[in-house]
Structures are given as C-alpha cells and as structure tokens.
Amino acid sequence: MEGTMPRNLSNGFVFKDERSGHWRAAINWQDEDGRQRRMTRSTPVACYPDRVSRKTGKVTRDNRGKGAAEDFLREWRDEEVRKDEELSGTVSCETPVYRYVLDYIDLKESTGNILASTADGYRWYAKHLLGTELGKTPVGQVTARQIQEFERDMVQDGYGGNTVSHTHVLLKTAFIRARKLGDIPSNPFDLVDAPKRPTKPINSLDTQSVRQLNQTLGSVADPFSTAVLLALMTGMRQGEICALRWQDVDRVSRKIRVSHALTRASGTFALSTPKTRSSARTIPYGDELARVLEARARAMHGERESMGLDWDEGLFVVGNAVNGAWKSPMALGQEWRAFVRVAKLVGSQGEAPRFHDLRHTFATMAIGSGVDVKTVSAILGHSNAAMTLNVYADALADSKKVSMDLMGRIMSAGLS
C-alpha cells in the first residue's frame, strides 16, 4: 500500500490448498494504477479432498472446516481494514459495487456453491454495472434511490424485464452478504421493490402436434429421435438428456437416474452434477419409452459389434456408440430447429417450439391429465411444487375445470 490511501479490499474468499492440507484465505484489491492485487494467507483449518464416486463419477464436495476458515478470513480482513483506517482515517467499505459483486461471484464459484456456467451467467448480469454511477459507487455509500435509477435506466436502455429482474436479485444477494459481514450498516435493497418479471405464456405442443411430431420422426433408434422422445415422455432438460449414460438407465425396473448434466461455461460444454439437489432425481418410465430405449440400445450394440468393440455401460444414450463421445446440447438444438422447419410444427402460442418446449409439453399434458402437481414437480426436478404451480398455472386451471365437470356429473346423478 502506497502512502496513506486505503485499499479497496474485497470480501475475500477461502479455497482448499491441497498441498498444505489447509484452507487458504485470499483478498483482492485494486491499486492506484488500476492493477489487480491479491494477497493470500494460510489458515490453521484443515481441508479434505472432495469425494468422487467410482461408479457414477459424481463429485461430493467436502467442505468441512469451511465455516471456520471463513471466520479466520473475516478476522484477517478486519485486521487489514483497521490498519488502513489507522493510516487513512477511512471507516467505511470503499469497494466499488461492480468489484464487490464480482468478488462475491468468485467466492460462490470457488467454494462450489454454484457451477461455472451459473457463475458466467452472474458475471454477464454484473456487467450491466460497468460505466454506471451505481457500479462506481462504494458499497457503503449506495442509496435506494441510486438502485431505482439504475434499474430505470436499464429499462430505458431496452433491457427486458427478465434481465432487470435477474440483475436485481444478484445485486440484492451480494448486499445481503455485505450486511452479514458488517461491510454496510443496512441494506438499501430492503427499501427497493423488486422489478416485476414478465411471464411468457408456455409454447407447448397440443395433442395433434404431438401426433404430427411422432409421425414425422424417423427410426426411434437414432440419437435425435431418442433425445426428442426422452424430452417428450420424461420432461428431462436438454443438458440432462445429452449427459444420460446407460449406467443411469435401469431397464429392468424402468427408472432413469438423473445424476449429471452437460453445462456450458467459457464457451465449452462440460459434464457436471445437477445444479440443485432437486435436479438430481429418479424418473420412472412406461412401455412406450421402454421400447424406444431398447431400440436405441440394440442399435448401439450393433454398431459396437461391427467394430469389434465390447459393450460399455458408460456410453451416452444419445451419444456416439463407437468413440463414446456425448452429443452436444448445441448440436441437438440445431437438429431440432431443422426438424421443426421440415415438420412445420407450431406451438400453442403460434411460434416454432424450442427443444425446451418438449419439457413444457410433458408438464402441461401431465397436469391436464390429472397427475398431481407434486408428482409432476418431482419428475421435472423443480425445487418445490409452488414453482411448478407458477409456471403451469393455465394447465392446472384446465385440469381443475375437467375435474369439476366430472364431479358435477357424479353429484347430479338421479336429478331430474
């Protein structure tokens, strides 16, 4: 530190130093020349390696000692802040909001609380702070009026309601942490109403469109048709389908275990565990999907036998049978868009359906057929039934009407 200027210290973060076997603390700041600086310090808290399942490859993070290491980090940071205050007289958190939020995202990613793909998304929302008054304002000096003006300017600049809403949530979460750490005396976001997130109607397929889709599909044994029917019959996400391996398909009990997904970070796809606990789930399936999966398995067996290769349960269901490569979700999306153009498919909103709309189709038809919302929520991997209710409210309303018409006929039996 030069002169008496205080450093704009970040909140910092802790990470495992496997060489020493201890958690290590790190704090970032920017010097007067604009260069990024970092100082690290070993904590006395032992760390333990993450556990990897030999059977599934699933990574279970071992965060024992993390809380104690973060306590050490806070005490160390407070000590550094006090040193700066004694030299400069500064008594408030001077880290600019943009830098503070980036440090918060780095912390979440480094501790395994969010996936790399999620961190990339957060950083994209954080970039909206660049060049703004709010982004340049020290965290300890932010006012509710500044936040309202920032979000108003985003709307005037043409950003959609979802973008404004997601940015608001990210910033508010970072400020909640700042309040817990004592970096700010109160949270200005408590005085700001969250912007309303527009709800876009579900563009699902109706029964006639599903029949048209099935008639246009080629052999159900090919990777594309198998992926489409998996989405349509289970509601699985695109990345989950591309990451599905035969070892996760119990063809005897007819159950699919969703244990991995392909997620995109820094321009490339990587195999990862589901982003939430509810996303890791088991989905039962019936006769029709059983026939599809059996046909796909026979086709892959045949391809491998023709090449003199033994069967491997680690193969991806919609991947390459010979070299074992997965199918990219991006490639699957491109194939789907081409298929939609050929089949001339149109969703309920008069638009060409996305691959993700197959998931919506499964959910709306399940609810419309009387499957209870809690069951649909569990199959989809939603965190709770309330989320399912919010997304598929229209389908639930139709289901209720059908149920009440049925109850009316039952209860009116014998009336003249």
Side-chain angles (χ1 to χ4, degrees), residues 50-53 55-63 105 108-109 111-122 162 166 169-170 173 197 202 204 226-250 253-265 268-285 289 314 316-319 326-330 332-333 354-364 366-367 371-392:
D50 296 334
R51 297 184 294 276
V52 181
S53 170
K55 183 177 180 181
T56 66
K58 181 179 180 181
V59 177
T60 303
R61 297 191 177 276
D62 192 330
N63 283 331
I105 298 170
K108 297 277 286 184
E109 182 180 16
T111 55
N113 288 314
I114 57 174
L115 298 174
S117 56
T118 304
D120 283 351
Y122 285 174
N162 277 326
H166 285 307
V169 171
L170 170 64
T173 306
R197 186 182 303 178
I202 298 298
S204 58
T226 303
V228 170
L229 293 171
L230 274 168
L232 195 60
M233 296 183 186
T234 68
M236 288 173 65
R237 301 177 177 93
Q238 199 164 334
E240 295 170 342
I241 291 171
C242 291
L244 182 64
R245 292 177 288 195
W246 286 109
Q247 66 192 31
D248 292 321
V249 180
D250 186 339
S253 300
R254 294 188 178 181
K255 294 178 181 178
I256 292 172
R257 187 163 57 90
V258 181
S259 61
H260 290 84
L262 284 175
T263 57
R264 192 174 184 181
T268 60
F269 284 97
L271 193 66
S272 64
T273 54
K275 62 188 298 184
T276 64
R277 182 178 298 177
S278 55
S279 293
R281 60 201 188 277
T282 298
I283 304 174
Y285 61 88
L289 186 55
F316 294 94
V317 174
V318 299
W326 63 55
K327 188 177 192 66
S328 164
M330 181 180 292
L332 177 57
R354 305 165 301 159
F355 190 90
H356 192 75
D357 289 325
L358 295 174
R359 174 175 164 87
H360 292 322
T361 301
F362 167 83
T364 53
I367 293 173
V371 180
D372 67 275
V373 175
K374 189 172 182 180
T375 297
V376 174
S377 179
I379 292 173
L380 293 176
H382 284 169
S383 56
N384 52 61
M387 180 179 178
T388 311
L389 285 169
N390 289 335
V391 176
Y392 301 106

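Residues S278 and G381 share a closest heavy-atom pair of OG-O, 3.2 Å. When all heavy atoms of R257 and Q247 are compared, the closest pair comes out as NH2-O, 4.3 Å. The shortest non-hydrogen separation linking W326 to A270 is CH2-CA, 4.3 Å. A pairwise comparison of heavy atoms in M233 and F362 identifies O-CE1, 3.4 Å as the closest pair. Contact between S328 and F269 at its shortest, heavy atoms only, is OG-CE1, 3.6 Å. Here the closest non-hydrogen pair linking V318 and C242 is CG2-CA, 4.0 Å.
Applying the ring-ring contact (aromatic ring centres under 6.0 Å, His included) rule to H360 yields the partners H356, Y392; only residues at least two apart in sequence or on another chain are considered. In this structure T273 satisfies the side-chain hydrogen bond (donor to acceptor under 3.5 Å, both in side chains) test with no other residue, sequence neighbours excluded. In this structure, H382 has no ring-ring contact (aromatic ring centres under 6.0 Å, His included) partners at least two apart in sequence or on a different chain. Every salt bridge (Lys or Arg N to Asp or Glu O under 4.0 Å) that R237 has, sequence neighbours left out, goes to E240. In this structure, the salt bridge (Lys or Arg N to Asp or Glu O under 4.0 Å) partners of K327, at least two apart in sequence or on a different chain, are E335.
Looking only at side-chain heavy atoms (C-beta outward), L358 and V228 come within less than 4.5 Å of each other. The shortest side-chain heavy-atom distance between T173 and Y122 does not fall under the 4.5 Å cut-off. L170 places a side-chain heavy atom less than 4.5 Å from the side chain of I105. For the pair I256 and L289, the minimum side-chain heavy-atom distance is below 4.5 Å. Residues L262 and F316 have side chains not in contact (no heavy-atom distance under 4.5 Å, counting atoms from C-beta outward).
Taking CG of N113 as the start and CG of N63 as the end, the distance is 7.0 Å to the nearest 0.5 Å. Residue T234 holds its OG1 atom at 9.0 Å from CZ of R359, rounded to the nearest 0.5 Å. For the atom pair CD1 (I283) and CE (M236), the distance works out to 5.5 Å, reported to the nearest 0.5 Å. To the nearest 0.5 Å, the span separating OG1 on T282 from CD1 on I379 amounts to 11.0 Å. Remark: R354 CZ to D357 CG distance equals 4.5 Å, nearest 0.5 Å.
Using modelled atom types, no side-chain atom of T361 and backbone atom of S204 make a donor-acceptor pair closer than 3.5 Å.
The list of salt bridge (charged side-chain N to carboxylate O under 4.0 Å, His left out) pairs with a residue in residues 378-388, not counting sequence neighbours, is empty.
With salt bridges taken as basic N to acidic carboxylate O contacts below 4.0 Å, one links D62 and R51.
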